[in-house]
Amino acid sequence: MKKLTSAFYARKATIVAKELIGKYLVHEQNGEKFIGMITETEAYMGPDDKAAHSYNNHRSKRNEAMYGPAGHAYIYIIYGIHICFNIVTATINIPQGVLIRGVEPIEGIRKMALNRYKTNLEDLTQAKIHNLTNGPGKLTQAMGITMNDYGINLQGNKIYLLDSKKKHNIKTSPRININYAGEAIHYPWRFYIKDNPYVSKPNR
DNA sequence: AAAATGATCAAG
DNA sequence: TTGATCATTTTA
C-alpha cells in the first residue's frame, strides 16, 4: 500500500474528510506499529466556520499548525484531559483541518489494550474492545499519539496514512459537541462508516 | 446525569 | 493574574 501524498491533503477539508474514511492511520513507535482504519472524521473549514479553532482567522500558538502546509498533524488537548488528532488540509494560510474521531484497530491491538486499560486483550469484553478507539481522545491514547507529535509531517516514517481502495457505506451528519457554534451546528461535516462499531456516536 | 481536569485565551 | 471555555471520557 502507498502513502497518501501531499496532493491528497491539499484540498478542501470537507473533501479530504470524506475520502479519509477507510484509509489507514499508522504510528510507529519504539519498533512497534499501530495501524487503525479510519471510521469517522469531521471537517473544520477555517475562517468562516464558527466551530473551527481558526474561525475568523484566529491564530495562536495552539493552532499555528493549521496555517502551515497540508499533510501535517494538528494536535491539541481538550477538556484538559484528552488529546485530539487532526490533519491539516488546504494550503498555507488557509487554516483547515480534519479531526479523526474513530478508527478500527488493524495492527498493534494488544498494545492498544495495554495503553488504554493496562489489561491484556484476552481479558477485555467485546464492548471494551470497541471502546478502545471509538472516540477522538480514545484513539490517540490507544495508538500512543501525544503532544510531542505536534506539527509532524505525515509523509515521514513516524505517523503517516496509507491508501486503500476499499469501498465503504459512508454516512453524513452534523458534527458532535459544538453547541457554541451558532448556525455552524447544523453543517453536515461529519462522515462515518455505517454500522461500524468503532464509530463514536452511531445515531446522529 | 455529572464530575474530572488542565491548557488556552482574553480581559483587567 | 484570573476566570471562562472547551472538536471528551468515565462512572454511576
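Just so we're clear, the structure is a prediction, and the values are computed from it rather than from any experiment. So you know, we letter chains A, B, ... as the sequences are listed, proteins then strands, and number each from 1.
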Notebook entry, point to check: Tell me, which stems hold DNA chain C, with a stem being 3 or more Watson-Crick or G-U pairs in a row and both distances under 3.5 Å?
Noted result: B:1-4 with C:8-11, B:6-11 with C:1-6
Next item on the list: Determine whether the side chains of A:Asn157 and A:Lys3 contain a donor N or O and an acceptor N or O closer than 3.5 Å.
Entry: yes
Notebook entry, point to check: Quick one: side-chain hydrogen bond (donor to acceptor under 3.5 Å, both in side chains) pairs with a partner in residues 61-71 of chain A, sequence neighbours left out?
Noted result: A:Arg59-A:Glu64
Checklist line | Under 4.0 Å protein heavy-atom contacts per nucleotide of nucleotides 6-11 of chain B, with B for base, S for backbone only and - for none | finding: B-SSS-
Next item on the list: Check the distance between C:dC6's P and A:Asn179's CG and give it to me in whole angstrom.
Entry: 10 Å
Margin query: Using OP1 and OP2 only, check whether a side-chain N or O of A:Tyr76 sits under 4.0 Å from C:dC6.
Written below: no
Next item on the list: May I ask you to check whether A:Glu40 and A:Ser200 show a side-chain donor-acceptor distance below 3.5 Å?
Entry: yes
Margin query: Among residues 38-48 of chain A, which ones have heavy-atom contacts with DNA chain B below 4.0 Å?
Written below: none
Check: Tracing side-chain links under 4.5 Å among I, L, V, M, F, W and Y, which residues wind up in one group with A:Met45?
Finding: A:Tyr187, A:Trp189
Notebook entry, point to check: Just checking, any donor-acceptor pair under 3.5 angstrom between side chains of A:His27 and A:Tyr160?
Noted result: no
Note to self: Do A:Tyr76 and A:Tyr79 sit in one hydrophobic cluster, given that two such residues count as connected whenever their side-chain heavy atoms are within less than 4.5 Å of each other, even indirectly?
What the structure shows: yes
Note to self: At a heavy-atom distance below 4.0 Å, what parts of residues 91-129 of chain A sit against DNA chain C?
What the structure shows: A:Leu99, A:Arg101, A:Arg116
Margin query: Suppose we screen for side chain to side chain contact (heavy atoms under 4.5 Å, CB included). Which residues come up paired with A:Ala52, at least two apart in sequence or across chains?
Written below: A:Tyr44, A:Asp49, A:Ser54
Check: Which residues satisfy the side chain to side chain contact (heavy atoms under 4.5 Å, CB included) test with A:Pro69, sequence neighbours excluded?
Finding: A:His72, A:Ile92
Item checked: Comparing A:Asn131 and A:Ile178 on DNA chain C - which has the more 5′ nearest nucleotide -> A:Ile178
Notebook entry, point to check: For A:Lys33, what residues pass the salt bridge (charged side-chain N to carboxylate O under 4.0 Å, His left out) criterion, not counting sequence neighbours?
Noted result: none
Check: Do the side-chain N or O atoms of A:Asn177 get closer than 4.0 angstrom to the phosphate oxygens (OP1, OP2) of C:dT8?
Finding: yes
Please set out all donor-acceptor pairs under 3.5 angstrom arising from side-chain atoms of residues 105-113 of chain A, sequence neighbours excluded.
residue	atom	partner	partner atom	Å
A:Arg110	NH1	A:Glu122	OE2	2.4
A:Lys111	NZ	A:Glu32	OE2	3.1

Margin query: So A:Asn86, base contact, sugar-phosphate only, or nothing? Heavy-atom distance under 4.0 Å.
Written below: base
Note to self: Run the side chain to side chain contact (heavy atoms under 4.5 Å, CB included) test against A:Thr140 and tell me which residues pass, sequence neighbours left out.
What the structure shows: A:Ile83, A:Phe85, A:Ile145
Margin query: I'd like to check the side chain to side chain contact (heavy atoms under 4.5 Å, CB included) partners of A:Lys166; sequence neighbours left out, ordered by chain and number.
Written below: A:Tyr24, A:Ser164, A:His168
Item checked: Rounded distance in Å - CZ (A:Arg175) to P (C:dC6) -> 14 Å
Check: Can you check whether A:Thr41's main-chain N or O pairs, donor with acceptor, with A:Arg101's side chain at less than 3.5 Å?
Finding: no
Check: What's the NZ-C1' distance between A:Lys50 and C:dT5, to the nearest Å?
Finding: 17 Å
Notebook entry, point to check: Between A:Asn134 (CG) and C:dA7 (P), how many Å, whole number?
Noted result: 20 Å
